[in-house]
Number of protein chains: 2
Amino acid sequence: MRDDLYQLDEAATDAVFQALASRERRRLLDLIRGNPGCIVADLLSAFEMSRIGVLKHLRVLEEADLVVSEKAGRERRLYVNTLPLRAIHRRWSDEFDDFWAGKLLDLKDKIETGS
Amino acid sequence: MRDDLYQLDEAATDAVFQALASRERRRLLDLIRGNPGCIVADLLSAFEMSRIGVLKHLRVLEEADLVVSEKAGRERRLYVNTLPLRAIHRRWSDEFDDFWAGKLLDLKDKIETGS
DNA sequence: CAAATATGTAACCTAATGGTTACCTATGAG
DNA sequence: CTCATAGGTAACCATTAGGTTACATATTTG
């Protein structure tokens, strides 16, 4: 799919941010990104929690479309899908252009220091 | 504060993504961004929910440091703080450089179409 | 086939979220 | 001063999230 044709609706955006709002899930995402094609069992050793806990986090990532998988025999191969992240990145780059460009004052600093 | 000195720890990152994981809060953020210095009462008409509901969402945004406020008499002036968003944007730009640059295949598409 | 492996589902518990109503405090205007 | 306005706190309720244990299924391997 062409990069710029991929768009997130509000519900999908909720799901992506929700999925990213957990350390464990971000770590999971990093692990899969670093080991594309890894299977669920490969991930378990990196976590304290039970296998089912990891599976649940994985499902949240999959429902946010941040991770996709492919069944291979009794195993499941995992991959990061970058499109949702890129869609958000792209949208922010558009919407917050003024901010990224640093054209606006740092209001917080201004307020807190009273300057 | 200099832009690149602002860094989010894991807890702060949790808070930012959590805050963004709600349509209402993203809308709130947009409204404040479009009306810097607006007061709480200004926002109410844009929402169906009660004032307290809005206040609670506002607090989530403030705890994520995405919104800052300044008391002015009995009013409270609201501003968006862009630093957390910029910090995330910057980190992603570093970490996902290969992806942003489109150097990697779209694995999802590959998997789903079986090509 | 039998047993080990990889994964998935169900049911349950606790804590956090998202919302409410009712009440309280501080400030500005007449 | 009186009262309307802007905002905040407390207590509550329903739903969701994050985790668990126990059990079930499918696939390899010996």
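To find a chain, count down the sequence lines: A is the first, B the second, and so on, and within it residues start at 1. Only a predicted model underlies this, so the values are computations on that prediction, with no experimental measurement involved.
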Measure from [atom1] on [X] to [atom2] on [N] and round the result to the nearest Å.
X: B:Glu63; N: C:dG18; atom1: CD; atom2: P; value: 12 Å
X: A:Glu70; N: C:dA6; atom1: CD; atom2: P; value: 18 Å
X: B:Leu55; N: C:dG18; atom1: CG; atom2: P; value: 15 Å
X: A:Asp42; N: C:dA6; atom1: CG; atom2: P; value: 9 Å
X: A:Leu58; N: D:dA17; atom1: CG; atom2: C1'; value: 16 Å
X: B:Leu43; N: D:dG7; atom1: CG; atom2: C1'; value: 13 Å
X: B:Gln18; N: C:dA15; atom1: CD; atom2: C1'; value: 13 Å
X: A:Arg76; N: C:dT5; atom1: CZ; atom2: C1'; value: 16 Å

Check for a donor-acceptor pair, side chain of A:Asn35 on one end and backbone N or O of A:Leu31 on the other, with a separation under 3.5 Å.
yes
Using heavy atoms to find the nearest nucleotide of DNA chain C for A:Arg59 and B:Ala21 separately, return the residue whose nucleotide is more 5′.
A:Arg59
B:Tyr6 six-ring face occupied by B:Arg86 cation (under 6.0 Å, within 45°)
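Geometry flag: not set, cation outside 6.0 Å or 45°.
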Heavy-atom pair of closest approach, residues [X] and [Y]:
X: A:Ile39; Y: A:Leu78; result: C-CD1, 4.2 Å
X: B:Arg25; Y: B:Leu61; result: O-CD1, 3.8 Å
X: A:Val16; Y: A:Ala64; result: CG2-O, 3.7 Å

Measure the shortest side-chain to side-chain distance between A:Arg76 and A:Leu58 over non-hydrogen atoms and say whether it is less than 4.5 angstrom.
yes
For nucleotides 19-29 of chain C, read 5' to 3', which letter fits each nucleotide if B means a protein heavy atom sits under 4.0 Å from the base, S means only the sugar-phosphate is that close, and - means neither?
BBBB----BS-
